[in-house]
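One structure is given below, encoded as structure tokens.
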Amino acid sequence: MNWNRYSRLSGLINTDTQANSIHKRIIMTLSSTFNRNSTADQVLEGKNLSGKIAMVTGANGGIGYETARSLAAAGALVILACRNPTLGEDAISSIRRDHPDAQVELVSLDLADPASIQACLEDIAQREHIPQLDILICNAGSMSTKYRLTDQGIERTVAVCHLGHFMLTKGLLDTILKAPAPRVVMVSSESHRYPLRLNFDNLLVAKKQNRITAFNAYGQAKLCNALMALELQQRYGSQGLTACAVHPGALVTTGFGRESWLTQALFTLVSPLTKTPHQGAATSVLCATHDNAEDIAGGYFSHCRAARPSAEAGNTDVAKKLWDFSEHHMHNYANV
């Protein structure tokens, strides 16, 4: 669902009465029970996800862990895709301590490394008890206070948040589309609003590499997440797939800023005003399991409610251009 066509600020179709009616219906449907303080367990209360298979990237800590744990607690078989296998095993042990019957598995995945992504895809393909993937939550992220490149020469934040997830999702598409009603949830951020426009020339490698462009890269990457959800819906919605993007909440406790004592101090200072990881996981879980797929399709969600993304994030032309751009560079990235 392209929310920007309902906004006078979007520059797209603005005055469609039926569109406004649909928008109001979805707002009412999703806001009647849950809000910014809701937790993932509250969202899933009473739901039985037995028989569902889910994969969550970046699941060893923070909102990724709470997302995986809550889905497993509700009966889903959950694959935790983690860069650090030791931390991944610790996360699985923790889930099993809280939920002894939980079905949880680990797969190694470093989204900054195309060889690791390919190995992950091959690993999943060899697991005969995973014939389909009902839910994919692209949660893993990266934000650096310094401008850093991957070994392949791609800006690291964009590589992890977007290009790596693009490669993973493309590689899993056949498995995803085998599910009767698959969902893909892209964990974006309100940071997607800055920049106002996606700069393709500056996306993979910035012309100037400094702290300012490092922070800009995060906004670009989160904008890519929202655009990827939109294009997934455009391309595969007719095959039963439902895709959306979510904002988990402001400065949710994560490993972001681990490289900078100043950033860590800022996060500590504002922590009383932010969400817990359990609350931060709620919107992802809601979008992954909400009964009516039409309420979710192509949308952007924040605090367990439908929200309007930026004009750029709702631009279907930009979404298609990004898909083609990513597909082209994915092959170059994987072959470096």
Side-chain angles (χ1 to χ4, degrees), residues 40-41 43-44 47-142 160 164-187 241 248 254-255 277-278 280-282 284-289:
D41 284 334
V43 168
L44 290 173
K47 285 188 178 290
N48 183 355
L49 301 182
S50 297
K52 299 282 189 182
I53 302 174
M55 179 184 225
V56 182
T57 67
N60 60 269
I63 61 174
Y65 170 81
E66 289 296 341
T67 300
R69 182 202 58 75
S70 60
L71 291 171
L77 188 163
V78 183
I79 305 164
L80 285 71
C82 304
R83 181 173 61 88
N84 186 319
T86 300
L87 294 179
E89 291 289 359
D90 290 344
I92 284 179
S93 296
S94 179
I95 291 173
R96 286 176 174 158
R97 278 196 302 270
D98 291 340
H99 310 283
D101 296 329
Q103 300 179 77
V104 283
E105 302 181 6
L106 177 67
V107 65
S108 181
L109 174 66
D110 182 350
L111 289 162
D113 181 0
S116 175
I117 298 171
Q118 185 58 41
C120 171
L121 293 171
E122 292 172 359
D123 186 340
I124 295 299
Q126 291 171 3
R127 301 188 188 190
E128 295 181 358
H129 61 289
I130 303 177
Q132 65 191 43
L133 190 60
D134 300 276
I135 299 168
L136 172 63
I137 300 181
C138 295
N139 164 83
S142 174
V160 171
H165 274 133
F166 182 85
M167 292 177 63
L168 178 71
T169 305
K170 282 275 291 180
L172 289 171
L173 266 176
D174 287 345
T175 307
I176 292 170
L177 293 174
K178 288 177 181 176
R183 301 276 176 97
V184 176
V185 178
M186 302 298 304
V187 179
L241 184 146
T254 67
H278 202 181
S284 295
V285 167
L286 174 66
C287 290
T289 63

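Keep in mind that what you see is a predicted model, and the values were worked out from it rather than measured. Heavy atoms only: backbone and side chains are in, while hydrogens, waters and symmetry mates are out.
- Salt-bridge check for Lys178 with Asp174: failed, with every basic side-chain N at 4.0 Å or more from each acidic carboxylate O.
- For the residue pair Ala179 and Pro182, the shortest heavy atom distance occurs at O-CD, 3.3 Å.
- Checking side-chain atoms of Arg69 against main-chain N and O of His99 turns up no donor-acceptor pair under 3.5 Å.
- In this structure the side chain of Cys287 never reaches within 4.5 angstrom of the side chain of Arg183, judged on heavy atoms.
- The nearest pair of heavy atoms linking Ala102 to Ile95 is CB-CG2, 3.8 Å.
- Expressed to the nearest 0.5 Å, how far CG of Asp98 lies from OG of Ser70 amounts to 12.0 Å.
- When all heavy atoms of Ala91 and Ala59 are compared, the closest pair comes out as CB-O, 4.1 Å.
- Here the closest non-hydrogen pair linking Leu71 and Val78 is CB-CG2, 3.8 Å.
- Side-chain contact check for Val56 versus Ile79: every heavy-atom pair is 4.5 Å or farther apart.
- Ala74 pairs by the side-chain contact (heavy atoms from CB on, under 4.5 Å) definition with Leu44, Leu49, not counting sequence neighbours.
- Note that CD of Glu89 and OG of Ser94 are 12.5 Å apart. Values are rounded to the nearest 0.5 Å.
- When all heavy atoms of Pro114 and Ala112 are compared, the closest pair comes out as CD-O, 3.8 Å.
- Nearest heavy-atom pair, Ala281 versus Ala40, reported as atom, atom and distance to 0.1 Å: CB-CB, 4.0 Å.
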Asp41/Glu66 under side chain to side chain contact (heavy atoms under 4.5 Å, CB included): CA gap, chis, key distance, verdict: CA-CA 9 Å; Asp41 284 334; Glu66 289 296 341; 5.6 Å; no

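- In this structure, the side chains of Arg83 and Leu111 stay at 4.5 Å or more apart for every pair of heavy atoms.
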Which pairs would a plain distance check flag for residues 130-140, meaning a side-chain donor or acceptor within less than 3.5 Å of a matching protein atom at least two apart in sequence or in another chain?
| from | atom 1 | to | atom 2 | distance (Å) |
| --- | --- | --- | --- | --- |
| Gln132 | NE2 | Asp134 | OD1 | 3.1 |
| Gln132 | NE2 | Asp134 | OD2 | 3.3 |
| Asp134 | OD2 | Ile53 | N | 2.8 |
| Asn139 | ND2 | Thr57 | O | 3.0 |
| Asn139 | ND2 | Gly58 | O | 3.2 |

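- To the nearest 0.5 angstrom, Gln118 atom CD is 11.0 Å from Asp113 atom CG.
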For Leu80 and Asn60: C-alpha separation, side-chain torsions, deciding distance, then whether side chain to side chain contact (heavy atoms under 4.5 Å, CB included) applies. CA-CA 7 Å; Leu80 285 71; Asn60 60 269; 6.0 Å; no

Please report the C-alpha distance between Ile124 and Met55 in whole Å, then the side-chain angles of each, then the deciding distance to 0.1 Å, and finally whether the side chain to side chain contact (heavy atoms under 4.5 Å, CB included) criterion is met. CA-CA 10 Å; Ile124 295 299; Met55 179 184 225; 4.1 Å; yes

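- Thr289 has its side chain out of reach of Lys52: every pair of non-hydrogen atoms, C-beta onward, lies at least 4.5 Å apart.
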Between Cys120 and Leu168, is the side chain to side chain contact (heavy atoms under 4.5 Å, CB included) condition met? List the steps. CA-CA 8 Å; Cys120 171; Leu168 178 71; 4.1 Å; yes

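- Using a 4.5 Å heavy-atom cutoff, the side chains of Cys82 and Leu87 are not in contact.
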Verify side chain to side chain donor-acceptor pair (under 3.5 Å) between Gln103 and His129, making sure each step is shown before the conclusion. CA-CA 12 Å; Gln103 300 179 77; His129 61 289; over 6 Å; no

